Amino acid sequence: MKVVIGADHGGFELKQEIGKLLASDGHEISDLGAHRYDALDDYPDFALAVARAVAAGEAERGIVVCGSGVGACVAANKIRGARAGLCHDTYSAHQGVEHDDMNVLCLGARIIGIEIAREIVRSYVGAAFSGEQRHQRRLNKVLEAERGDSESR
Ligand code: RB5
C-alpha cells in the first residue's frame, strides 16, 4: 500500500519509526517531512501536505504525527476528501477505516509509546472499508456535508 507520512517536531521521532516499520512491512512510503528535527516547525504544514496527497489520490493512506495528534487531526480534516481520525487504540484504528473510511491516521507522540503506535499503525493499514450499506449511507451523509449540500437544510 502507498502511504504518505508527516510530522512536526512533536512527532518527528515517532514518524521516523513508523516509516521504518511500514517500509519493512513492504509498504511504499512517501515522507512529506519534517526531514529533520526543527523545534520551530508547525504541524499544519505537514498535516495539510499529507491530507492533500491522500485527497489527490497520490497515496491510499496518510499518517500524521504531532505532539498530541489533535492539531494534526484538526488541520487534516480541513482538506476535502481527507477523513482524519485521532486513534490511540487499535480498535479505533481499524474500525475507523472499516466503518468510516478513515484515510488519515493521526497520532500523538507525547501520548503513546512506540509499541502501541506500531500496533495501531498495523491495524490501520491492514483494514479496509467494509462497503456495507449502512456504512456507505453514513459516509454519504458526511460527503454530502463536505460538499455543502446539507447547509441549506
Ligand atoms: C507542538 O509543540 C505541539 O503543539 C504540536 O505537535 C501538537 O501537539 C498540536 O496539536
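Please read these numbers as outputs of a predicted model, since none were measured by experiment. We count ligands from 1, going down the list as the structure has it; atoms in each ligand are counted the same way.
Ring planes of His135 and Phe129: tilted class, angle from 30 to 60°.
Using a 4.0 Å cut-off between charged nitrogen and carboxylate oxygen, Arg138 and Asp100 do not count as a salt-bridge pair.
Residue Tyr43 has at least one heavy-atom neighbour below 4.0 Å for each of these atoms of ligand 1: 9 (C). Of all atoms in ligand 1, listed by their number and element, those nearer than 4.0 Å to a heavy atom of Arg110 are 1 (C), 2 (O), 3 (C). Residue Asp8 has at least one heavy-atom neighbour below 4.0 Å for each of these atoms of ligand 1: 1 (C), 5 (C), 6 (O). Here is the list of ligand 1 atoms found below 4.0 Å of a heavy atom in His9: 1 (C), 2 (O). Remark: ligand 1 atoms within the under-4.0 Å shell around heavy atoms of Gly67 are 5 (C), 6 (O), 7 (C), 8 (O).
Considering backbone and side-chain atoms alike, Ala72 places every N or O at 3.5 Å or more from each N or O of ligand 1.
Given atom 10 (O) of ligand 1, the protein heavy atom at minimum distance is Gly71 N, 2.8 Å. Regarding atom 8 (O) of ligand 1, its nearest protein heavy-atom neighbour is Ser68 N, 2.9 Å. Nearest non-hydrogen protein atom to atom 7 (C) of ligand 1 is Cys66 SG, 3.3 Å.
Donor-acceptor pairing under 3.5 Å is lacking for the side chains of Asn140 and Glu144. With hydrogens and angles left out, the side-chain atoms of His9 and Asp38 include no donor and acceptor closer than 3.5 Å.
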| task | Kindly determine whether Glu17 and Lys20 satisfy salt bridge (Lys or Arg N to Asp or Glu O under 4.0 Å), including the steps that lead there. | result | CA-CA 5 Å; Glu17 292 303 316; Lys20 282 187 240 168; 3.1 Å; yes

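For Glu28, the CD atom counts as loosely surrounded, since its 6.0 Å shell holds 12 or fewer non-hydrogen atoms of other residues, nucleotides or ligands.
By the side-chain hydrogen bond (donor to acceptor under 3.5 Å, both in side chains) test, Asp101 is found to be paired with Arg83, residues two or more places apart in sequence or in another chain being considered.
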